[in-house]
Amino acid sequence: MKSHQKETDLHIIIINGFCYFRHYSAIYIQAVIKLKRLHFNSPGLMIKKCCIYICWIFLPAVLLFSCNETSQKPKTVEIVRQPENLNKKTNENIVAGIAFASENNGKLNDSTSFNVLPAVKAWYNTRDSLRTWSNREEWLRMADSLYTFIGHSENYGLFPSDYHFSQLNLVYHKLKTDSLAMFDAAMWARADLLFTDAFMQIAKDIKLGRLDADSVTLRKDTVLTDSFYVSLLKNVHDKKELTPLLQELEPRHEGYVQLKAALKNFLDSMNRTNFTYLSYPFEIPSDSLAFIKNLQTRLFEGGFLAFNNRPADTAELTAAVKAYQAQNDLKVDGKAGPMVVKSLNNNDQEKFKTIAINLDRYKQLPDTMPVRYVWVNIPSYRLRLWDTDTLKLESKIIVGRSQTRTPLLTSTLTNFIVFPQWTVPFSIIFKEMLPKIREDVGYLDEQNLMVVDKNDSIIAPDSINWFRLNKKYFPYLLKQREGDDNSLGIIKFNFRNKYSVYLHDTNARWLFSKTNRALSHGCVRVQQWQKLSDYLVKNDSVRYKPDTLTAWMARKEKHTVNFSRKIPIFIRYFTCEAREGKVVFFDDVYAEDKIARQNWFSNKYNLLTL
């Protein structure tokens, strides 16, 4: 019997010693010393048993058992017969759940994972009584509040499914109505952990959003610490109120406030049918097969195909597309091109995702905007000037084409130039102008362009062999003389940026009548340039009399105007906004929404019912 006990002890010591060795070599050494003490009178026996057991522990099954079973899976059910022990047993299950998740990549069980496990652990580490959202066999009021908040989180541009809503919905009602479940400590523990994790994730999504921080993100707190989450939840727990404290995390930007208010109206009449999304254009040929399959499914969902249990042939698919085009006032040609795809994707589920993306974009702005600033929104083709929360100026604009995008940036307007000269960027010279000059050197005169060398001396165009010039060798500049036919028009507004872009007038003012105004090489053309210039110098009336600018323009004189009060400028990308309580959508001209959707919202859906 003693021999059997020693053999069992030796077995345990070696296995435990091997596991500890992987992490702590000192503990392994201690295990070997203990082994020696067990057989100090029998060296031969000790060596023999060591060899047997060292070989044995290298078996994969034993390694798996000895190293991975450090924490047991959380119990699925633990009915407590004595109600006074329910809190204690629930706390024990909370500890077990956290320990298991910590060793299993955040997984609580096969179907559930934590979103912010470090913050969840930090919260429970601060509490003597771990249980947070319930007591004995009853929910606390703050649990009722959080459950309701998650269920209506779409009002904040959020998806309830991101916050364990399906699991919480089940256990929340079961623990309210099922008399046996009310004494299940394991279920109460799971609910507590999921509520805590959901709260942490909601706080993060309301404050920072889900989009990655980028080069124009102006927030300083792009990462929230565990102490932030713990402090917030403690505040909720102490004050016994949840919604007002979460709402304090929201942006204060007027655009956000109005869009969120309009979202509620949108949700009231939302069609919650889930339609198949069509990704277009596709980048690789193999994607075309997936597109055709999804197109057939989408047409079937809309009632334009009678079947979806077999692939449609070309004639059937073409007929279905034609039927859709006819019903939606599109050109009837049977081709599923950009306009058809755009129309098919224009459903309320996708509109909600667009609203969610844009609400998150406001969260990348600073908590407080400047008192005065210029706001340029690319998709709406609009410039707005705000002063003390009052809209002082609004203007149509023209922005860069998709190939020559207007960059997103934050800067400060510093001056403007009346009757500016335009130095043509080399990118435009090589892509557009050089082929035309080679064909006919008279093109330079037609465009009011002059050629200058490095000394700013004017060179006769006929004296240059234009066929010798290329990207590697072009020792000249092309400058457009100031005047009404200058591409910059009458005025140019400067602000520091690495992209060499600016605001300016244009000599093609008729383009402002177009609906799609993504037409420039990257700079922003402003229709109401005169009102903007007047506003910028309104505080410099001593230096610039009210009629000074008008006189310069009448005489076509070139002047640089440095105004005393510099004004910030934000060039941003928002594809929807609120107008008179309704959401207005703009074209995704640079496909930024498409990218955000693919990265963050592709597999997210709204609740079928509220």
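All figures in this text were calculated on a predicted structure; none of them were measured in a lab.
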| Do R597's NZ or CZ and the ring of Y277 fall within the cation-pi criteria of under 6.0 Å and 45°? | yes
| query | Mind checking what makes side-chain contact (heavy atoms from CB on, under 4.5 Å) contact with N346, not counting sequence neighbours? | reply | K351
| With distance as the sole test, does N497 use its side chain to make a donor-acceptor pair with the main-chain N or O of V501 at under 3.5 Å? | yes
| request: Determine, using ring centers only, whether F495 and Y502 are less than 6.0 Å apart. | output: no
| field | Check: W139 ring centroid to Y172 ring centroid under 6.0 Å | value | yes
| query | How about Y147 and H173: are their ring centroids closer than 6.0 Å? | reply | yes
| Near K594 NZ, under 6.0 Å, is it more than 12 heavy atoms from other residues, nucleotides or ligands? | yes
| Is the centre of the F199 ring less than 6.0 Å from the centre of the Y163 ring? | no
| More than 12 heavy atoms of other residues, nucleotides or ligands under 6.0 Å from CG of D110: is that the case? | no
| Criterion side chain to side chain donor-acceptor pair (under 3.5 Å) against Y535, the qualifying member of R372, Q528, K392 | R372
| field | Cation-pi geometry met for K566 and F563 (6.0 Å, 45°) | value | yes
| Between H237 (side chain) and L233 (backbone), is there a donor-acceptor pair under 3.5 Å? | no
| field | Residue list, ring pair (Phe, Tyr, Trp, His ring centres under 6.0 Å) with Y573, at least two apart or on another chain | value | Y590
| said: Taking the ring of F574 and the ring of F586, is the distance between their centroids below 6.0 Å? | reply: no
| task | Kindly compute the distance separating CD (E592) from CD1 (I357), expressed to the nearest 0.5 Å. | result | 10.5 Å
